[in-house]
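Submitted below is the structure of interest, expressed as structure tokens.
Basis for what follows: all heavy atoms, side chains included, without hydrogens, waters or symmetry-related copies.
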Amino acid sequence: MQFKPTSGHILLPPVWGFGIPRPMNTKEETNKTITEALSDWIRGVFSEQFGADIDLSGVGVVQAANPQFGDYQCNAAMSLAKVLKRPPRAVSEQVVANAPSHPAVDRLEIAGPGFINIYLSDAWLLQTVSAIDQDSQLGVPRSGAGHTVVVDYSSPNVAKPMHIGHIRSTIIGNSIDRLHRLLGYNVIADNHIGDWGTQFGIIMMGYRHFLDKDALARRPVEELERVYVKSYEKSREDENWLTQCREELVKLQSGDPENTALWREFIGLSLSEFDRIYKRLGVSFDLVRGESFYNDKLADTVALLEEKGMAEESEGATVVFLEEEKLPVCIVKKSDGGFNYATTDIATVASRVEEFRPDKIVYVTDERQQLHFKQFFTICRKLGCETELNHVWFGLMRLPEATFSTRQGNVIKLEALLDEAEQRAFDIVSASSPEMSEDDQREVARAVGIGAVKYADLSQNPQTTVTFTWDKALALDGNSGPYLQYAYARIASVHDKYTERFPDGNLDAFDIVLTEPIERELALKLIRFPDVVKRAASGYKPSTIADYLYELAQCYSSFYQNVPFLKAEEGIRESRVKLCGITAQVLRGGLQLLGIETPARI
RNA sequence: GCGCCCAUAGUUCAAUGGAUAGAGCAUCGGCCUCCGAAGCCGAAAAUUCAGGUUCGAAUCCUGAUGGGCGCACCA
């Protein structure tokens, strides 16, 4: 793990890192994506023709809506027509007539009201698509180099098993993490686990009175949850019990050795279970800092707020009013003297800013926390925090019947989901690949099952409510993870067959040529990958990657099914096999961004 | 009561303010003596309603309807 070295400022503001100026980014961007390069180019023409004093920031190119309109298109003439006081077609004509040549551009055409349709040069397309083969970045620029981003995701609670409600934060957060790493960001993935809070008094009482030691040995976290639920229920009807829970909590908070030891045990048991699941999901963190990590900073955080005149007493609690921002009041210290999550989150931001100097901090949680994040982001800004704070929220996971909840007991445990996924995949693999050894079948089924679960979640816009159904989460055909893995495995097979049948074949001796329309379409899709990655990262939407990969795989499948390659003549054959290889790389790289594995055989 | 989010084909989902709204599943019809049919090719099928902004709206604004979620001491 590398952290950006702290700057040599001696006169750092003393308190919590707030107010520290953001470090300058000294690295310049090295390369651009296709749309960035073409946009810069055509914006330059607009600027030269129509003067730099008008706002040209919106001038750019986009992928063409339809192949008949070229490969990329520029729609700027229409929107600028009014400002320029000229008909849009005249604007486009002037741009096209005066555009300097660009290596990527074969020709420009004007269509409709003033669209400029851009046709890419085949030579450039071939060169660009061939270059992907040698590039571990697959053409993706490291435009985030020199920037640090903290991604806060997953964040399960101690003493509660992970259920299907946790999968979204974990999977989406992990993909955002991977996207930023590919773009060159220094990413710090932090699992901010819920290891502190009022629930521990309840758990301790439950642990002391209801514990089944055998069950604890077998399924520790499940047992902890069971005693928690039982103790919680008792606390609601038994005033005396509730008081005892509070006393246990106070003892823990004041450092009582026995309760502290118990608390550490709960954390240890939970973390080992989380790790088991993270390992299955291929998720790893740079930091696992629970809320308790910030405990000793909470009092000072509230003191700072009071010092700045932002916090005041109200109804026995210490609160921050946010009326100017039209937000509800935010409690930073409870009337019983305890702190709550807003305080912890503020202290966490301060700590991260001080330690890592991030350019931004990204939180991945469900939609119910939107108000909380608005409140505490606002407070951080008022305290002088300049770091960009983003809340990436996603819709709740629901069951067809109702919202699932721990209390109603209608939860689906994450491990059960993963088990079921692997089993279903195994049934299919063992039926369709009986020649494979059972170990291999298991291994493939694992990758396919987990891939299906992940893809089902990542392939849709995060900001929608997901209704969980087994069939959807475990879909193995159509727009699914396994479809993409299948496409990949077929490609791997093509390459094997090629070396088998043409042992003397030399792929390097031949250049790629595009003879069929489907081949050009495939090449065009392949060179779009960098743009897609940038869009997915900036919008925090892994589904953008999933959409793209599905399109790519569909395009490839069509190519595969309709164009002969091993049976094609020499030259064409090698070209097509190479195109297959590049497609495989992009598929694999893209699936990696989603955390999905690509077995060579399925 | 106030606030946030959502509404697209039978159904589950796509669509950076741009040209003819795309897919999966389901339905119907083709394609395995041939490189892997978890596949390919084709058919039918949709922007909740009413206004507005714009050269151009599924997308932006206002309102209505229907749904989800949140709003003082849980996180």
Subject >> Integer angstrom distance from the P of B:C4 to that of B:A64 >> reply: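 It works out to 14 Å between them.
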Subject >> Any donor-acceptor N/O pair under 3.5 Å between B:A19 base and A:Gln73 side chain >> reply: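 For A:Gln73, whose side chain was compared with the base of B:A19, there is a donor-acceptor pair (under 3.5 Å).
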**OP:** Determine the interatomic distance between C1' on B:U16 and the same-named atom on B:C60; round to the nearest Å.
**Re:**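 That atom pair is separated by 14 Å.
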Subject >> Under 3.5 Å donor-acceptor pair, A:Ser335 side-chain atoms to B:A72 base atoms >> reply: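 Under the 3.5 Å cut-off, the side chain and the base do not form any donor-acceptor pair.
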Original post:
Where each pair must be Watson-Crick or G-U wobble with both distances under 3.5 Å, what dot-bracket representation of RNA chain B is obtained, with crossing pairs in [ ] and other-strand partners as |?
Top reply: (((((((..((((....[...)))).(((((.......)))))....(((((..]....))))))))))))....
**OP:** On RNA chain B, check which nucleotide each of A:Asp547 and A:Ala553 is closest to and give me the residue with the more 5' one.
**Re:**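 The residue mapped nearer the 5' terminus is A:Asp547.
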Contacts under 3.5 angstrom, residues 470-480 of chain A side chains, donor-acceptor by atom type, not counting sequence neighbours:
from	atom 1	to	atom 2	distance (Å)
A:Asp471	OD1	A:Arg424	NH1	3.0
A:Asn479	OD1	A:Tyr455	OH	2.6
A:Ser480	OG	A:Tyr483	N	3.2

Original post:
So what does A:Asn117 touch, heavy atoms closer than 4.0 Å: a base, only the sugar-phosphate, or nothing?
Top reply: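 Base contact.
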Original post:
Is a donor-acceptor pair below 3.5 Å formed from side chain A:Asp366 to base B:A75, judging by atom type as modelled?
Top reply: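 Answer no: no donor N or O sits under 3.5 Å from an acceptor.
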Original post:
Is the closest side-chain donor-acceptor distance between A:Arg528 and A:Thr33 under 3.5 Å?
Top reply: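 No pair is found: no donor N or O on one side chain lies under 3.5 Å from an acceptor on the other.
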**OP:** Check every strand shown and say whether A:Ala81 touches a base, only sugar-phosphate, or nothing at a heavy-atom separation below 4.0 Å.
**Re:**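 Touches nothing.
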Original post:
At under 4.0 Å between heavy atoms, what does A:Val429 touch on the DNA or RNA strands: base, sugar-phosphate, or nothing?
Top reply: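 If one applies the 4.0 Å heavy-atom cut-off, A:Val429 turns out to touch a base.
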Original post:
Regarding A:His391 and A:Thr365, is there a side-chain donor-to-acceptor distance under 3.5 Å anywhere?
Top reply: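 Per modelled atom types, A:His391 and A:Thr365 side chains form a pair under 3.5 Å.
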Original post:
For B:C32, does the glycosidic angle fall within 90° of 0 (syn) or outside that (anti)?
Top reply: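 In terms of base orientation relative to the sugar, B:C32 is syn.
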**OP:** Check whether more than 12 heavy atoms from other residues, nucleotides or ligands sit under 6.0 Å from atom CZ of A:Arg43, and answer yes or no.
**Re:**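 Correct, the count exceeds 12.
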Subject >> Pairwise C1' distance for B:A7 and B:U12, with rounding to whole Å >> reply: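 Taking atom C1' in both B:A7 and B:U12, they lie 14 Å apart.
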**OP:** Please tell me which of the listed nucleotides, B:C40, B:A38, B:A72, lies nearest to the side chain of A:Asn562?
**Re:**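 Nucleotide nearest to A:Asn562's side chain: B:C40.
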Original post:
Does A:Tyr486 get its side chain close enough to the base of B:A38, under 3.5 Å, for a donor-acceptor pair?
Top reply: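 No, no donor-acceptor pair under 3.5 Å.
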Original post:
What nucleic acid atoms does A:Ser480 come within less than 4.0 Å of, heavy atoms only: base, sugar-phosphate, or nothing?
Top reply: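 Since no nucleic acid heavy atom lies under 4.0 Å of A:Ser480, the category is nothing.
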Original post:
What do you reckon, do A:Phe69 and the base of B:A19 stack, with centroid distance below 5.5 Å and planes below 30°?
Top reply: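 Here the ring of A:Phe69 and the base of B:A19 are stacked, with centres under 5.5 Å and planes under 30°.
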Original post:
Between B:A9 and B:C25, how far is it from one C1' atom to the other, in whole Å?
Top reply: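 Approximately 12 Å lies between the C1' atom of B:A9 and that of B:C25.
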Original post:
For A:Phe565 and B:C35, is the gap between ring centres under 5.5 Å while the planes differ by less than 30°?
Top reply: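 One would call A:Phe565 stacked on the B:C35 base.
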Subject >> Nucleotide B:G22, atom P - distance to CD of A:Glu551 in whole Å >> reply: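 So the CD-P distance, A:Glu551 to B:G22, works out to 12 Å.
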Subject >> Stacking of A:Phe115 on B:A19 base (centres under 5.5 Å, planes under 30°) >> reply: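 So yes, this residue stacks on that base, both cut-offs being met.
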**OP:** Find which nucleotide of RNA chain B each of A:Ala317 and A:Gln460 is nearest to by heavy atoms, and output the residue with the more 5' nucleotide.
**Re:**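 By nearest-heavy-atom nucleotide position, the 5'-most residue is A:Gln460.
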Original post:
Do the side-chain N and O atoms of A:Trp393 and A:Gln370 include a donor-acceptor pair separated by under 3.5 angstrom?
Top reply: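 Side-chain D/A pair, A:Trp393 to A:Gln370: present.
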Original post:
Given the P atoms of B:U53 and B:U8, what is the spacing between them in whole Å?
Top reply: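 So the two P atoms sit 27 Å from each other.
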Subject >> Distance-only donor-acceptor check, side chains A:Ser155 and A:Asp152, under 3.5 Å >> reply: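 Yes, A:Asp152 and A:Ser155 have a side-chain donor paired with an acceptor closer than 3.5 Å.
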**OP:** Find out whether A:Cys555 and A:Ile518 are in side-chain contact, i.e. whether some heavy atom of one side chain is under 4.5 Å from a heavy atom of the other.
**Re:**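 Yes, their side chains come closer than 4.5 Å.
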Subject >> A:Val302 vs A:Phe339 side-chain heavy atoms within contact, under 4.5 Å >> reply: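 Yes - at least one pair of side-chain heavy atoms lies under 4.5 Å apart.
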**OP:** Could you tell me whether the phosphate oxygens of B:C69, OP1 or OP2, come under 4.0 Å of any side-chain nitrogen or oxygen in A:Thr465?
**Re:**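 For B:C69, OP1/OP2 do not have a side-chain N/O of A:Thr465 under 4.0 Å.
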Original post:
Does the pair A:Glu597 and A:Arg446 meet the rule for a salt bridge (Lys or Arg N to Asp or Glu O under 4.0 Å), with working shown?
Top reply: CA-CA 10 Å; A:Glu597 296 174 45; A:Arg446 189 190 58 74; 3.0 Å; yes
Original post:
Using a cut-off of 4.0 Å on non-hydrogen atoms, how would the nucleic acid contact of A:Ser557 be classed: base, sugar-phosphate, or nothing?
Top reply: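 Sugar-phosphate only.
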Original post:
Within the pair A:Gln370 and B:C4, is there a side-chain N or O less than 4.0 Å away from OP1 or OP2?
Top reply: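 So the side chain of A:Gln370 is outside the cut-off, no N or O lying under 4.0 Å from OP1 or OP2 of B:C4.
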